**Student:** 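Quick one: this structure, given as structure tokens, is what I'll be asking you about.
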2 protein chains.
Amino acid sequence: MANDYSDDRLRLAARLYYVDGLAQNEVARFAKVSQAKVSRLLALARERGIVRITVADYEPRRRELEGQLVERFGLSTAIVLKAIDGLSSGDLRRSVGHFGSSAVEALIKPRDVVAIAGGRTIHELVHHLPQPANKALTVVQAMGSVDANVNAFDAQEVGRVMAQRLGGSFLALNVPAYMPDRRTRDALLQLEQVRNVHERLGSAQAALVGIGTLSNSVFIERGVLKPADIAELERAGTVGEICGRFYDADGNEGATSWRDRVISIEVDQLRRIPLVLGVVSGSDRSAAIIAAIRGKLLKGLIIDEAGAIALLAVSAAAPVPKARKRKG
Amino acid sequence: MANDYSDDRLRLAARLYYVDGLAQNEVARFAKVSQAKVSRLLALARERGIVRITVADYEPRRRELEGQLVERFGLSTAIVLKAIDGLSSGDLRRSVGHFGSSAVEALIKPRDVVAIAGGRTIHELVHHLPQPANKALTVVQAMGSVDANVNAFDAQEVGRVMAQRLGGSFLALNVPAYMPDRRTRDALLQLEQVRNVHERLGSAQAALVGIGTLSNSVFIERGVLKPADIAELERAGTVGEICGRFYDADGNEGATSWRDRVISIEVDQLRRIPLVLGVVSGSDRSAAIIAAIRGKLLKGLIIDEAGAIALLAVSAAAPVPKARKRKG
DNA sequence: TACAGGACTGAATATTTATTCAGCATCTGC
DNA sequence: GCAGATGCTGAATAAATATTCAGTCCTGTA
């Protein structure tokens, strides 16, 4: 009649439900309680380990592809996540985020300083990080804010969540991502609040970054780049972008006016970070990724299998430095 | 896209659902299928053992009470099933049937001849017997049919189900349970079809019977007994009934006119069966049970815990044969 | 080539399960 | 003893899951 969460009660319910296959309704009659309570009893039984559900391991990674990427591109780390063919880009990001998060969690050591960029895939990944951890990280925003209305994908938000999830503090870069001119930009960089954070980026042990292209980056998406900017970047041979840094096929940042206006981690700072992980979902970034690797802007990749395959296919056609072999 | 029930697919679904706690909807997006199919994938994963659910054993029996019953009444077998207080009689029967069935299944050996009576609790029990078994039993109906409209609780139906579930054949006693007079009854008993079955009852290794009282038996319930019959039975000191045999406090069948008109297993046949199991739910039959045991009509009991406790309480007040000790 | 049979699918729907909510009981600190 | 907090309950309901069903796509046959 009264509150009775004895093990025997829980076992009765669990046995009838899981072993004998009765519906909660029927279990309720045996136990003389409401169906609602049976639901609660079962939840408790699972929690207390009276009911144990084990699932044969699912291997979410494509280890052979990881090996090939490491070998072909001289990466220190490659995480290739399985993904069903034909997923929408949203679901693909979700897959990469879901299964990539545990790998990332394993790669980041306690007390690390981590530079972090925004982006949808990174957002997805960060939101799947295990909740109860205390790594005492320092998570540092790697690029200013693209515009005033902050959305969930922005570095500011993503970094905050990461620090909260893995435990640690978040250092925000409380400035716009770009200024009208170099002078203003430099002035801003001198501000103590900004300078401290910006310098901190150089001492990071790890970074999580997305990779953009000239036709597909957050700056295009939000209409930040003017036609003149785009033309200039094109002239500079831009093939990709990381944290607002546009680079050419060798992974070098072009000397454009944009370069002088952006506020984000410097290319040289990035090169100094031992573990810069590019987080990518999709197969349309191969050239940008290859160039970034060539320029030492990236040391590792987290990518879906189709993306990895595309990358390998492209590089087979156009050799990259450090490539030791070519297929067939 | 197509039919792909690969283990990897199943593991993916199982992992996301059971380990990561996603809803089937969300799993569906990962796997690029409909929610309906996820449900099917998961069912298959459970079936194939990719998902394994284990439940800490629930002990459905009250072993100490069983021991006390065996000791106090000299029974060969006692199965006492736990049941929550305050269950309706229907739910109580359900409990006894559900958990008693596996004990019964263990007690009945392959190739046994089993006499069977009708009754709600026996019905419940039989319907919980494990489906896939082949014991090559001969299940024999122990009493004729009470009236023309056969219901699910009648021996005819219950016996058929038992034979089907445990494997074996069912011998029906295709006659009414009682005749207008002795002569007709005896004539019927001479019919080959009837005689063969009736004789077979004597050679049974086991029997499942219910226990009635004069105020609560199938014959009262269906209005078979006339006031004159009842008066006569009362005069004969009737305290209980098994398979249409009304007996007194010593477990002896009274010499009433009813005795000469009923078609069912004979008391002497019953006494010869090594394992006569009384299947009881509820606490209102103690006197009838005790008398039956005294008269060797029962050798075992399957009963709910409240019934067992009542039985022990009654017998503590009024000692029974074979009682070796008395409490306090 | 046409066509029946079988297997499989997702949309719609029926069924089952989890959650919300209001009511009641039991503490707790006056 | 009493207001307020806390916790537990089942009815109602929201949400999730299982099943039905009609259509599609094979595959083997005439």
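Model, not experiment: these values are computed from the prediction.
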**Student:** Give me the bend of the helix from C:dT1-D:dA30 to C:dC30-D:dG1, using the axes of the five pairs at each end, rounded to 10°.
**Tutor:** 20°
**Student:** With respect to the phosphate group of D:dA16, does any side-chain polar atom (N or O) of B:Tyr17 fall under 4.0 Å of OP1 or OP2?
**Tutor:** no
**Student:** What's the closest nucleotide to the B:Arg46 side chain, out of D:dG10, C:dG10, D:dA18?
**Tutor:** D:dA18
**Student:** Any side-chain N or O of B:Lys37 under 4.0 Å from OP1/OP2 of C:dT9?
**Tutor:** yes
**Student:** Between B:Arg160 and B:Asp154, does any NZ, NE, NH1 or NH2 come within less than 4.0 Å of an OD or OE carboxylate oxygen?
**Tutor:** no
**Student:** Nearest 0.5 Å, what's the CD1-CZ distance between A:Ile309 and A:Arg62?
**Tutor:** 5.5 Å
**Student:** Just the rounded figure in Å: distance from P of C:dC8 to CG of B:Leu41.
**Tutor:** 12 Å
**Student:** Just checking A:Val38: base, sugar-phosphate only, or nothing, at a heavy-atom cut-off of under 4.0 Å?
**Tutor:** nothing
**Student:** Should the pair B:Arg48-B:Asp7 be classified as a salt bridge under the 4.0 Å nitrogen-to-oxygen rule?
**Tutor:** yes
**Student:** Can you tell me how far P of D:dT17 sits from CG of B:Leu22, to the nearest Å?
**Tutor:** 10 Å
**Student:** Between C:dG10 atom C1' and B:Arg29 atom CZ, what is the distance in whole Å?
**Tutor:** 17 Å
**Student:** Pick the nucleotide of DNA chain C nearest each of B:Ser34 and A:Gln35; which residue has the one closer to the 5' end?
**Tutor:** B:Ser34
**Student:** Roughly how many Å is it from CG in B:Leu44 to P in C:dT9, rounded to a whole number?
**Tutor:** 11 Å
**Student:** Starting at CG of B:Asn25 and ending at C1' of D:dT17, how long is that distance when rounded to a whole Å?
**Tutor:** 10 Å
**Student:** Within this structure, what is the CG-to-P distance between A:Leu42 and C:dA18, rounded to whole angstrom?
**Tutor:** 7 Å
**Student:** Enter the distance from B:Asn25:CG to B:Ser39:OG here, rounded to the nearest 0.5 Å.
**Tutor:** 11.5 Å
**Student:** Fit a plane to each ring of B:Phe99 and B:Tyr58, take the angle between them on a 0 to 90° scale, and name the class: parallel (under 30°), tilted (30 to 60°) or perpendicular (over 60°).
**Tutor:** tilted
**Student:** Return the value, rounded to whole Å, for the distance between atom CD of A:Gln24 and atom P of D:dT13.
**Tutor:** 19 Å
**Student:** Any Lys/Arg nitrogen of A:Glu105 or A:Lys135 sitting under 4.0 Å from an Asp/Glu carboxylate oxygen of the other?
**Tutor:** yes
**Student:** Quick check for you: among D:dT19, D:dG10, C:dG10, whose closest atom lies nearest to any side-chain atom of B:Arg40?
**Tutor:** C:dG10
**Student:** Which part of the nucleic acid, if any, lies within contact of A:Ala23, taking any heavy atom under 4.0 Å across all strands shown: a base, the sugar-phosphate backbone alone, or nothing?
**Tutor:** sugar-phosphate
**Student:** Would you list the pairs meeting ring pair (Phe, Tyr, Trp, His ring centres under 6.0 Å) in which at least one residue belongs to residues 8-51 of chain A, sequence neighbours left out?
**Tutor:** A:Phe30-B:His98
